[in-house]
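Comments concern the structure below.
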2 protein chains.
Amino acid sequence: MGLISKRAAGKALLGDGFSFSQQAKAARRAGFDVLDATLGTFYYDDGSFRGYRTVKEILASMPDEDRFSYAPITGGERFTSAVLDWVFREHRAQIEENLAVKVVPTPGGTGAISSAVHLTLDRGESALLPDLAWGPYVGILAESGVGAERFPLFQGDAFNFARFCEKGDELAGRFGKLAVILNDPCHNPTGYTLSPEELERLIAYLNGKNTPCVLIYDIAYLDYDGAGREAARAKLRLLTQAAPHVLIAIAFSASKSFCAYGQRLGALILLGRDTATVKTLYDAMGFHARHTWSNTNRAMITLMTALASDENRRRALDAEIEVVAGQLHKRAEAFRAEAQDANLPVHPYHGGFFLTVPVADNERVVRELQENEHYFFLPFHQSIRVAICAVPLARIKGLAATIRKYCPDRE
Amino acid sequence: MGLISKRAAGKALLGDGFSFSQQAKAARRAGFDVLDATLGTFYYDDGSFRGYRTVKEILASMPDEDRFSYAPITGGERFTSAVLDWVFREHRAQIEENLAVKVVPTPGGTGAISSAVHLTLDRGESALLPDLAWGPYVGILAESGVGAERFPLFQGDAFNFARFCEKGDELAGRFGKLAVILNDPCHNPTGYTLSPEELERLIAYLNGKNTPCVLIYDIAYLDYDGAGREAARAKLRLLTQAAPHVLIAIAFSASKSFCAYGQRLGALILLGRDTATVKTLYDAMGFHARHTWSNTNRAMITLMTALASDENRRRALDAEIEVVAGQLHKRAEAFRAEAQDANLPVHPYHGGFFLTVPVADNERVVRELQENEHYFFLPFHQSIRVAICAVPLARIKGLAATIRKYCPDRE
């Protein structure tokens with residue numbers, strides 16, 4: 001028919017995480033005892049999926065208008081304030097004193113990341129991201145005609161600065177611009193968290209470039225940092241060190257923080273010393289949002305402002321999140337202890353929903369675990385990702401040894 | 001800083017409907033007796049904003065997992081079926097027998113329209129739309145680098161076929177493709193509904209072109225057609241007359257149909273005789289959705305499937321919608337009767353949330369009504385739009401005469 005646009009031609013969603021999840025669900029429906037560790041959705045140790053009580057109470061008690069009517073495209077001042085309160089807590093003032101700050105609500109963290117790319121990168125350019133990274137980044141870049149250049153995330157058990165800088169220099173030279181996408185803390189898929197020193201060094205590197213730089217900083221797992229919510233937020237103060245030519249585009253995911261995944265709310269937080277650039281990007285973001293998805297889930301926006309205006313409820317939600325973070329911690333500890341016994345390597349993990357086992361022959365291992373054990377994982381770059389968020393502690397037991405069985409050839 | 005992408009540079013949301021609404025709200029907060037007829041949000045005659053009882057009951061009773069976990073990117077088979085049931089009712093089988101059909105959920109009708117443009121139009125091309133049309137279409141097109149060509153919607157009180165065809169011929173010749181955006185039934189801003197004969201003639205015109213054609217058919221107000229839900233749906237059978245080179249991209253808005261605006265759910269329904277093209281666009285749509293907003297509001301998806309599986313609840317919701325349609329009808333009747341008495345012209349209205357008064361000097365009239373009367377309307381092409389959805393019947397009284405006062409110079 002010749003109707004498809006050039007930008008959409010040939011695109012299809014293949015090997016996406018959601019398709020692995022559909023396979024796992026189909027196997028379960030077929031009667032198999034499935035272990036579904038595909039998606040970033042938390043299940044409690046009793047096997048249940050539950051929303052947070054505080055979230056449900058607030059959603060259930062709001063007036064119809066705060067739930068069903070339109071939210072402002074850019075969320076409104078109270079929403080901006082609520083997001084900054086949640087993300088930066090007591091460090092908010094320091095952030096706002098040092099940087100221009102603008103916030104726009106988005107449908108989930110994905111909407112924030114796709115917007116940041118749309119706003120800052122041109123067709124034919126490339127962004128820099130680690131070899132180990134959330135799969136959809138590449139598709140998000142492709143939707144804007146932008147390529148992905150990779151650097152190896154690790155050197156030993158630390159962030160690979162040498163290779164990061166090497167690639168960064170190359171891209172800055174090639175495009176007169178350097179865009180970096182990083183998921184931190186509790187990096188998906190490994191659970192790695194940059195140390196404050198590493199984040200500081202990364203910003204110092206960007207500060208040293210003589211081209212505009214943007215750090216697209218995906219903080220989807222901010223609230224599940226093994227070091228605790230305070231440490232995760234204290235680290236964010238380092239963002240104030242960014243030089244005027246460095247823009248920070250934070251992708252915050254309320255859906256993830258509140259375990260309300262399908263309720264789709266995130267925010268793009270634009271931070272920078274260059275007030276004019278932040279304002280220009282904010283204006284363009286309003287235009288982009290209005291003409292892509294228009295406004296966002298009003299009930300979730302009301303939830304954010306309700307949390308910001310009620311310290312008790314915020315504390316109650318903090319406590320519920322801590323239960324989840326605690327269960328994640330125990331699962332990771334159990335898996336890693338057994339992995340050590342089984343001589344199965346695991347990439348450095350500091351917190352969050354996932355950990356990753358390096359396996360050169362990852363596609364085969366994922367397939368065989370599916371076929372023989374009905375265990376479902378996602379393959380990542382030379383590794384498989386174990387979504388410990390979805391596996392109750394009782395089922396973590398023996399998991400590392402089982403995976404080890406399928407990796408006999410590793411060095 | 002030189003960071004903004006070429007596609008985003010210079011974009012900002014100016015004169016958007018939501019900004020007029022913010023002004024109205026500010027005036028109300030300042031203590032004025034405001035009449036806010038800016039947005040497409042229904043208020044009952046008692047002045048209240050309320051969600052539908054059936055919608056609220058279903059949302060309140062669903063398990064956490066059906067509300068908070070991720071929905072599949074393309075919604076799943078039950079969602080597809082539920083959307084087709086709702087939109088086509090007893091005509092669904094006839095649609096599916098004659099056309100390939102694919103459905104993908106979107107954040108509101110906006111997400112469906114922006115996706116249809118993204119999928120079918122290339123940078124530098126133009127789409128055809130009426131001079132009187134929802135404002136954001138132009139911004140949606142601009143986000144894909146696509147221009148807007150206009151034709152006058154009316155010739156007398158009917159669709160202006162002569163000018164539509166003239167422009168259609170021109171665009172088809174220029175681009176080797178013809179894309180048309182139409183909002184029907186209950187066209188925003190006028191409330192005009194194409195007669196079955198007009199829709200049939202429009203499809204026959206597209207069938208007669210020797211270039212690929214796409215009709216982006218925005219049915220946001222399907223459930224508020226003054227002719228009733230059955231007539232609105234019977235008309236949709238005419239879509240089966242589309243030739244193989246004509247794609248129909250329906251933008252359905254569950255948010256509008258269910259008066260759950262801020263809950264953001266719509267669907268892109270791809271229809272065509274050319275199965276391969278429909279499949280190709282569907283695949284590209286999955287990729288686009290995944291990498292723009294990922295999945296959509298799971299609770300609203302569950303709501304759709306719940307309605308499809310429970311005839312009683314569906315009927316209960318139908319009855320609630322009829323109350324709203326009935327109040328809209330009375331408001332329109334009252335306004336038009338008074339307009340006739342006051343010698344104020346009104347564009348043909350058949351149903352829906354808005355009606356439109358032709359006023360050459362529209363910006364001045366809108367401004368003066370704001371300043372002198374605290375009445376807030378949106379300016380449209382040589383007209384002002386009265387959102388009767390937002391004005392209780394008691395306040396409709398006298399409105400036409402007041403508007404007339406500010407239009408002394410009309411012929």
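Atom set for the values below is all heavy atoms of this structure, side chains included, hydrogens, waters and symmetry mates excluded. Each chain gets a letter, A, B and so on, in the order its sequence line appears, and its residues count up from 1. These numbers come from a predicted model, not from an experiment.
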(Q) Looking at chain B, which one of A:Pro107, A:Pro63, A:Cys259, A:Gly176 has the largest number of heavy-atom pairs inside 4.5 Å, strictly under? (A) A:Pro107
Q. Any side-chain donor-acceptor pair under 3.5 Å between B:Asn295 and A:Tyr261?
A. no
Q.
Does A:Tyr70 form a ring pair (Phe, Tyr, Trp, His ring centres under 6.0 Å) with B:Phe18? I'd like the steps, not just the answer.
A. CA-CA 9 Å; A:Tyr70 290 115; B:Phe18 283 98; 5.5 Å; yes
Q: Examine whether an atom of A:Asp16 lies under 4.5 Å from a heavy atom of chain B, and if so say whether it belongs to the side chain, the backbone or both; otherwise answer neither.
A: side chain
Q: Might you confirm whether atom CD of B:Glu77 has over 12 heavy atoms from other residues, nucleotides or ligands at distances under 6.0 Å?
A: no
(Q) Rounded to the nearest 0.5 Å, what separates atom CG in A:Leu247 from atom CG in A:Leu215? (A) 9.0 Å
Q) Is the backbone of A:Gln263 close enough, under 3.5 Å, to the side chain of B:Asn297 for a donor and an acceptor to pair up by distance? A) no
**Q.** Winner by heavy-atom pair count (cut-off under 4.5 Å) against chain A, out of B:Pro136, B:Ala9, B:Gly286
**A.** B:Pro136
Q.
As an exercise: rank A:Gly108, A:Ala299, A:Ser69 by heavy-atom pairs under 4.5 Å with chain B and give me the winner.
A. A:Ser69
**Q.** A:Leu121 portion near chain B, given a 4.5 angstrom heavy-atom threshold
**A.** backbone
Q.
So which residue, B:Glu65, B:Glu125, B:His288, B:Met300, ends up with the most heavy-atom pairs under 4.5 Å with chain A?
A. B:Glu65
Q: Select one option (side chain, backbone, both, neither) describing which atoms of B:Tyr43 are under 4.5 Å from chain A's heavy atoms.
A: side chain
(Q) Quick check against the 3.5 Å criterion: does A:His245 have a side-chain atom that pairs as donor or acceptor with the backbone of A:Asp274? (A) no
Q) So which part of A:Val138 gets closer than 4.5 Å to some heavy atom of chain B, the side chain, the backbone, both or neither? A) neither
Q: Sort A:Ala142 into side chain, backbone, both or neither according to what part of it lies under 4.5 angstrom from a heavy atom of chain B.
A: side chain
**Q.** A:Thr296 (side chain) donor-acceptor with A:Pro105 (main chain) under 3.5 angstrom
**A.** no
**Q.** Top contributor to chain A interface from B:Arg298, B:Lys11, B:Arg123 [non-hydrogen pairs under 4.5 Å]
**A.** B:Lys11
Q.
Keeping B:Lys102 on the side-chain end and B:Leu281 on the backbone end, is there a donor-acceptor pair under 3.5 Å?
A. no
(Q) I need the residue from A:Ser144, A:Ala71, A:Pro72 with the largest number of non-hydrogen atom pairs under 4.5 Å to chain B. (A) A:Ser144
Q: May I ask you to name which of A:Gly76, A:Gly111, A:Gly51 has the most heavy-atom pairs under 4.5 Å with chain B?
A: A:Gly51
Q. Of the listed residues (A:Ala8, A:Ser5, A:Ser114, A:Ala284), which shares the most heavy-atom pairs with chain B below a 4.5 Å separation?
A. A:Ser5
**Q.** Worked check of side chain to side chain donor-acceptor pair (under 3.5 Å) between A:Lys279 and A:Thr275
**A.** CA-CA 6 Å; A:Lys279 174 69 165 63; A:Thr275 306; over 6 Å; no
**Q.** Under 4.5 Å from any heavy atom of chain B - which part of A:Ser48
**A.** neither
Q.
Parallel, tilted or perpendicular: which one describes the rings of A:Trp293 and B:Trp293, with boundaries at 30° and 60°?
A. perpendicular
(Q) Please classify the contact of A:Arg264 with chain B as side chain, backbone, both or neither, using a heavy-atom distance under 4.5 Å. (A) side chain
Q | Residue, of B:Met285, B:Arg7, B:Arg67, that accumulates the most heavy atom pairs under 4.5 Å with chain A | A | B:Arg7
Q | Which of A:Lys177, A:Lys56, A:Glu143, A:Gln22 touches chain B most, by non-hydrogen pairs under 4.5 Å | A | A:Glu143
Q) Is the charged tip of B:Arg50 near the ring of B:Tyr44: under 6.0 Å from the six-membered ring centre and within 45° of its axis? A) yes
Q | Contact leader toward chain A among B:Val214, B:Thr41, B:Ile73, B:Leu14, where contacts are heavy-atom pairs under 4.5 Å | A | B:Ile73
